[in-house]
Amino acid sequence: MTAQSHPRVRFAPSPTGFLHVGGLRTALYNYLFAKKEGGTFILRIEDTDRSRYVEGALENLIEALKWSGLDYDEGPGKGGACGPYTQSERLAIYRDHVTQLCSVKKAYHCFCTPERLDEMRKQQEKMKIAPKYDRHCLRMAPEEVSRRLAEGAPSVVRMRIPETSTIVIDDLIRGRVEFQSDRVDDQVLLKSDGYPTYHLANVVDDRLMGITHVIRGEEWLYSTPKHVVLYGYLGWDVTAFAHLPLLLNADRSKLSKRQGDVAVEDYRAAGYLPGALLNFVALLGWNPGDDREIFGLDELVQEFSLGRVGKSGAIFNVEKLQWINQQHLRRLGPDAIADKLKPVLKKAG
Ligand code: GLU
């Protein structure tokens with residue numbers, strides 16, 4: 001059977017505190033896409049940004065996913081043939097790929113200090129040119145690079161973006177998207193602490209975990225040209241991409257905490273049914289093609305297709321969630337409702 005007939009998809013959150021409702025939608029669409037096609041849904045933890053490490057965040061995230069009913073097939077605590085599924089446990093793999101990229105001159109060491117980079121950015125701002133690394137270290141003589149490395153000078157590794165080419169993404173939702181490479185920065189791949197950046201770890205793992213479709217939020221679209229170039233440099237075919245529309249507040253600003261709850265655990269604590277929350281987030285960007293609005297998870301699996309996911313931002317409307325929750329409550333029998341009420345009444349004395 002080909003990879004296409006059995007998709008492998010992943011939800012790849014960074015554990016930074018809680019599961020965002022936008023993250024729940026990404027997880028749900030990946031889950032639905034996999035289950036509909038008899039594929040595999042993977043949970044991968046992207047925890048390589050040590051400055052954003054939050055104690056207990058991973059446990060919260062897994063707990064919120066479990067509550068929602070989106071059970072993953074491979075991932076932390078479950079195992080699978082492509083583990084480990086937590087990036088901080090895969091550092092040697094990323095380093096090997098960076099070494100390979102450096103040896104074919106698709107990546108280079110950069111010794112620039114934060115002060116120099118700051119100064120460079122200020123100059124670029126003054127000259128009204130787009131902020132981009134000026135390739136100071138790309139011009140360094142190889143002997144000088146070796147000397148500095150031997151001395152243990154702190155460095156990062158950057159990828160060398162081609163000077164002038166058009167990078168094309170055939171997005172399953174947005175269609176053909178083009179980027180001019182001269183506008184793309186020489187992205188840092190390996191940080192001075194030896195950890196990979198999101199870009200490197202994400203591409204390497206998508207490949208090594210056999211991911212056939214990358215389904216993620218639109219905010220990652222501008223990273224995708226870097227990823228496409230990396231696939232090429234590593235000699236790999238590019239996976240399929242589908243970038244999901246943004247979630248918006250009622251005033252069409254990007255969904256934020258300031259205008260209401262965004263954590264799945266807040267909705268759980270407020271007493272919403274997990275199935276209702278899933279039904280609600282399913283409709284943030286996708287529609288069934290007719291006027292039906294109430295779906296259980298199994299029904300969503302039957303109905304879902306990426307072809308019915310739109311491009312424009314989806315408005316997060318809590319009143320709609322309340323109405324959907326009501327409809328889900330009506331679908332429950334009296335016994336199930338009694339079971340749900342008992343702990344609430346008990347707590348209230
Ligand atoms: N770690 C990224 C996040 O926090 C994953 C983005 C992607 O799916 O590529 O959302």
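Since this is a predicted model, take the numbers as computed values, not measurements. Just follow the structure's listing: the first ligand is 1, and inside any ligand the first atom is 1.
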Looking only at protein heavy atoms, which one is nearest to [atom], and how far off is it?
{"atom": "atom 8 (O) of ligand 1", "result": "Arg10 NH1, 2.7 Å"}
{"atom": "atom 1 (N) of ligand 1", "result": "Glu46 OE1, 2.6 Å"}
{"atom": "atom 3 (C) of ligand 1", "result": "Trp220 CZ2, 3.4 Å"}
{"atom": "atom 5 (C) of ligand 1", "result": "Ala12 O, 3.1 Å"}

**Message:** Does ligand 1 come near enough to Val214 that some N or O of the ligand is less than 3.5 Å from an N or O of the residue?
**Reply:** no
**Request:** Of the side chain and backbone of Thr26, name the one, both, or neither that has a heavy atom under 4.0 Å from an atom of ligand 1.
**Result:** neither
**Which segment of Tyr198 sits under 4.0 Å of ligand 1 when only heavy atoms are counted** = side chain
Could you check, using the six-membered ring where one of them is a Trp, whether [X] and [Y] have ring centers closer than 6.0 angstrom?
{"X": "Trp236", "Y": "His227", "value": "no"}
{"X": "Tyr198", "Y": "Trp220", "value": "yes"}
{"X": "Tyr72", "Y": "Phe41", "value": "no"}
{"X": "Phe280", "Y": "Tyr272", "value": "no"}
{"X": "Tyr29", "Y": "Phe304", "value": "yes"}

**Fill in**
ligand 1 to Asn202, heavy atom cutoff 4.0 Å, flagged ligand atoms 7 (C), 9 (O)
**Item:** Numbered atoms and elements of ligand 1 in range of Ser14, under 4.0 angstrom, heavy atoms
**Value:** 1 (N), 4 (O)
**Asked** Just by distance, do the side chain of Asn60 and the backbone of Gly17 share a donor-acceptor pair under 3.5 Å?
**Response** yes
**Asked** Got a sec, which residues hit salt bridge (Lys or Arg N to Asp or Glu O under 4.0 Å) with Glu293, two or more places apart in sequence or on another chain?
**Response** Lys320
